[in-house]
Amino acid sequence: MPLSDTAMIVVKDDRAESFFSFLGEYTSFFCQMEQFEAQKLELLLSGELSGIEKAITTAQANAKQLENLEQKRIRLQQEAGFGAMSLRELADKTDGARKEQLRLQLHELSVCLGNIKFYNAKSMQVAQTNLRRQTAKTSVASAVAPVHSSKLEGKA
């Protein structure tokens, strides 16, 4: 049953408790993602190929885990009766300690997401720069490649 615009959320239900409890796991995942994105950027800057390959594999696993967590969040939020409300809306409609907890989680989540976007954008810039450098090296190498004697024999 959807909440009206003025209704306050009072948690008396196990489903709502499950949802609010899950938000801690959800926030924690994004904080771990923030650390991963920072490490990925460091690896790209170092050029350590084995580390970069591992980071790509980890990024793929993280994407799948994110997809699963988001599906779980949506399901738990629906089951708790909060519909498609944003975390900010939930915090605004909650009283007391729960309100403060939601606001802190929302702030932490916002900071982590902002940093993830920053690190990801920087990683993309570094990867593109590295790719351009590699392409330029390959082009120069092929332009000045020595002519093999077998090619010369046919022209003589």
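We count residues from 1, following the sequence as given.
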Under 3.5 Å donor-acceptor, [X] side chain and [Y] backbone:
{"X": "E53", "Y": "S50", "value": "no"}
{"X": "S18", "Y": "D14", "value": "yes"}
{"X": "T135", "Y": "L131", "value": "yes"}

Non-hydrogen atoms of C112 and C31 that approach each other most closely =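 Smallest heavy-atom distance, with atoms named: SG-SG, 2.7 Å.
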What closest approach, in Å, do I116 and F30 show between heavy atoms, and which atom pair accounts for it?
->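 Looking at all heavy atoms of both residues, the shortest contact is CD1-O, 3.4 Å.
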Chi angles and distances behind the side chain to side chain contact (heavy atoms under 4.5 Å, CB included) call for R103, D92 | CA-CA 9 Å; R103 286 193 172 167; D92 289 344; 3.3 Å; yes
If I take atom [atom1] from residue [X] and atom [atom2] from residue [Y], how far apart are they, to the nearest 0.5 angstrom?
{"X": "S46", "Y": "Q39", "atom1": "OG", "atom2": "CD", "result": "11.5 Å"}
{"X": "Q77", "Y": "L23", "atom1": "CD", "atom2": "CG", "result": "8.0 Å"}
{"X": "Q32", "Y": "T27", "atom1": "CD", "atom2": "OG1", "result": "11.0 Å"}
{"X": "L87", "Y": "L102", "atom1": "CG", "atom2": "CG", "result": "7.0 Å"}
{"X": "M124", "Y": "T129", "atom1": "CE", "atom2": "OG1", "result": "10.5 Å"}
{"X": "E25", "Y": "L69", "atom1": "CD", "atom2": "CG", "result": "5.5 Å"}

Check whether any side-chain heavy atom of R133 sits under 4.5 Å from a side-chain heavy atom of N130, and report yes or no.
->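 Yes, their side chains come closer than 4.5 Å.
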Less than 4.5 Å apart, any side-chain heavy atom of K93 and any of M85?
->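 Side chain of K93 against side chain of M85, heavy atoms only: contact under 4.5 Å found.
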Salt-bridge criterion met for K40 and E37 (N-O under 4.0 Å) =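 Answer for the salt bridge query: yes.
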Under a 4.0 Å N-O cut-off, is there an ion pair linking E67 with K72?
->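 So E67 does not pair with K72 through a salt bridge.
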Does the side chain of Y26 come under 3.5 Å of the side chain of E70 through a donor N or O and an acceptor N or O?
->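 Note: Y26 and E70 side chains meet the donor-acceptor criterion.
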Side chain to side chain donor-acceptor pair (under 3.5 Å) against Q105, all qualifying residues, sequence neighbours excluded =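 If we apply the side chain to side chain donor-acceptor pair (under 3.5 Å) test to Q105, skipping adjacent residues, there are no hits.
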Partners of R15 by side chain to side chain donor-acceptor pair (under 3.5 Å), sequence neighbours excluded?
->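 Per chain and number, R15 pairs via side chain to side chain donor-acceptor pair (under 3.5 Å) with D13.
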Do [X] and [Y] share a hydrophobic cluster, counting only Ile, Leu, Val, Met, Phe, Trp and Tyr and linking them when any side-chain heavy atoms are less than 4.5 Å apart?
{"X": "F118", "Y": "L43", "value": "yes"}
{"X": "Y119", "Y": "V111", "value": "no"}
{"X": "L90", "Y": "L109", "value": "yes"}
{"X": "F22", "Y": "L66", "value": "yes"}
{"X": "F82", "Y": "I74", "value": "no"}

Are more than 12 heavy atoms from other residues, nucleotides or ligands located less than 6.0 Å from atom CZ of R75?
->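 Yes.
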Tell me, with the steps shown, if E89 and S86 meet side chain to side chain contact (heavy atoms under 4.5 Å, CB included).
-> CA-CA 5 Å; E89 290 171 322; S86 69; 3.3 Å; yes
Passes side chain to side chain contact (heavy atoms under 4.5 Å, CB included), Q65 versus F29? Steps please.
-> CA-CA 9 Å; Q65 187 176 359; F29 173 77; 3.4 Å; yes
